[in-house]
Amino acid sequence: MESYTAKDIEILEGLSAIRKNPGMYIGSTDSAGLHKMVFEVVDNSLDEALAGYCNNIKVIIRKDNDLEIVEVDDNGRGIPVDIHPEKNKSALEIIMTTLHAGGKFSNKNYAISGGLHGVGVSVVNALSAYCEVYSYRNGNVYYQKYIKGEPVEEVKIIGKENRKGTRVIFAPDKEIFKVNINFDLLSGRLRELAFLNKNVTISIKDERDHKKIKEKTFKFDSLAAFIDELNHGKKTFPKKPIYISSKEPKIEMELVIQYTDDNREIFFAYANNIRNDEGGVHVSGFRWGLTRAINEILKSYNKSNKKIEAFTGDDVREGLTGVLSLRVVNPQFKNQTKDKLTGSEEEDINIEQFVRQSTYDELLKYLERNPDDAKQIIERCILAYKSREAADRARQNVRKKAELAINYGMPEKLADASEKDPAKKELFIVEGDSAGGSAKQGRNREIQAVLPIRGKVSNVEKLFTTKGKEFVENKILESETIMPLLQAIGTNIGKDFNIEKLRYHKIIIMADADIDGSHIISLLLTLFYRYMPELIKKGHLYIAMPPLYKIQWNKKVYYVYSDEEKDKILDQIGRDKKVDVQRYKGLGEMNPEELWETTMNPETRKIVRVNLDDVVSAEEMVQLLMGHDSKERKKFIEENAENIDLEALTL
Ligand code: 0RA
């Protein structure tokens, strides 16, 4: 079936533009863009897997002097090497050096391709200090090397090997990407890809530090493994997640769902391996199909249960965990970030209709064949229906009162900034009155506001899992500790959340660098993650990093933020010198000037932006750290307490 030839490749554009404007091609030159370089190559390997030719993908991170290099090795068909008739060049060279030359647009061998969204390996090549490609085809090893995207020699055969596949080795150019590769970020996404591409083994190895080699391998035999992971530690039913699949030539879907005793809904939707956090037509189709199928079953139960006419979407999704993976030709998304699927460019495809009908038909079939499961699900929905009705009444009052407080009140303890433009303003959330006092005195009054919080922020995660969403929302809105925070921030929470009302574009949590401090940070992060996730997604949430030590020597003062940094400075000064090293126990120990200089001054401080790149890991992390499984939590904290690394904080 190797029908691919060099003439199929469409040549659309040269490469020179890419290095001039990298952001346009790889999205950005920050951490997101750098890691996209890796995923771009992996996507090509996954295309081979999707086409049925590849089941093993290895990613290795290495160091070559001060360059970081990435190797992606797959056992697919290898990149074609035949000579293009007009260009008189090897297909391999064309694919590596010509934008959009992947052949994906003309190759009808596999209609649904994961890489359809990709920009091609040529972009990765152009943005690399150097790149080497090995294509294993026809028993030969074909090889070419490039510098900044330009070939340094012709494609040549460098040996014979009895394997198939492609090995791409590239060094992201330091002139373009200033950040380092993050192992956790890569491995989180690779794990997600392994869930979505069953029976493909994806491994990652980090050899940058020879003393601390990290390695992970992911392989799952069903999308249901994803649900098992998400529902780990919860009471679930049916015991085996419900699995549904449906396939047409240009569109196919897999769906796995399972109910839990927990009251929230966790749902991840994907289109061609891209997660769509804002849902879209596939999610609407699923919701319709699910609600209709369950209401259909409800009819036969209604003989004994006359009161309930029909469940709402919320009723049937309470406690539901689900993953929907759609593959479709030429998907269309709302915008560049692809958070929302809007349709397909193909005129004869109606995604919503396809997912609707497939979900309804297959789920109904399942429920009819498994009456015990059906009964349990109906009873779960009745519970949700009844508690929703009760909560609706109680909530009306609480919400009305809270809305007034948030829209018209300001917390007494807030020292606001004089600036009016929220985009220029920062809010420091400070634990404790003494640190709060120093922060108020030390701050830049024009743009920085300070809000000390007192008392314990309740663990919303624990409440969440035992009492349900509505209940917790009421509790939050009634909490004397949290309300001042909501008043200062201005956006409200949950369904009433409105980003337009945000009063500070930077919200900075400032807590001590100790166990209590990180506990408070976790509690606040959980609150934001569950009830104001958009603030995190839009990049408004930060954590301040106070220094750990103050080193004084020879009339110079160094503020030091980690033990490694301390050792480095002490080495620099010389271990024989009489140096004064002071360890800060808490923010409260610093006077206002010190606090300003070390933690608040935008010119000199260190703050970490909380990001939500890896939603799957975040979900697990929050459940683990804040949920009710205290044994699991204790284990996790014992294993990780030493190396909780704020730099790498990806909630
Ligand atoms: C163009 C055409 C074909 C495969 C590939 C490119 C390809 C690219 C990469 C990049 C990393 N791994 C890869 N594996 C394959 C189709 C090949 C055929 O029809 O034989």
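What's counted below: heavy atoms across the whole structure, side chains too, no hydrogens, waters or symmetry copies. Just follow the structure's listing: the first ligand is 1, and inside any ligand the first atom is 1. Everything numeric in this text was worked out from a predicted model, so none of it was measured.
Interface of Asn44 with ligand 1, defined as ligand atoms under 4.0 Å from a residue heavy atom, comprises 9 (C), 10 (C), 11 (C). Those atoms of ligand 1 with a heavy atom of Ile95 less than 4.0 angstrom away are 1 (C), 6 (C).
Using a 4.0 Å cut-off between heavy atoms, Arg137 contacts ligand 1 through its side chain alone, with no backbone atom that close. At a heavy-atom cutoff of 4.0 Å, ligand 1 is contacted by the side chain of Asp74 but not by its backbone. Counting heavy atoms closer than 4.0 Å to ligand 1, residue Val72 contributes nothing at all. At a 4.0 Å heavy-atom cut-off, ligand 1 touches Pro80 through the side chain alone.
Remark: side-chain polar atoms of Ser344 are paired, donor with acceptor, to backbone N or O of Val329 under 3.5 angstrom. Put simply, the side chain of Arg208 gets close to the backbone of Ile181: a donor and an acceptor are under 3.5 Å apart.
Side-chain atoms of Asn55 and Asn75 form a donor-acceptor pair, as typed in the model, at a separation below 3.5 Å. A donor atom on one side chain and an acceptor atom on the other are found under 3.5 Å apart for Asn231 and Thr321. Side chains of Gln144 and Tyr146: a donor on one and an acceptor on the other come within 3.5 Å.
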**Asked** What do the steps show when you test Asp30 against Arg609 for salt bridge (Lys or Arg N to Asp or Glu O under 4.0 Å), and what is the final call?
**Response** CA-CA 13 Å; Asp30 61 9; Arg609 177 184 269 169; over 6 Å; no
**Item:** Stepwise side-chain hydrogen bond (donor to acceptor under 3.5 Å, both in side chains) check, Arg275 with Tyr270
**Value:** CA-CA 4 Å; Arg275 194 180 57 246; Tyr270 297 84; 4.6 Å; no
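Considering backbone and side-chain atoms alike, Arg77 places an N or O below 3.5 Å from some N or O of ligand 1. For a threshold of 3.5 Å applied to N or O pairs, the pair formed by Glu48 and ligand 1 contains no separation below that value.
Note on ligand 1: Gly76 sits outside its first shell, no heavy atom being nearer than 4.0 Å.
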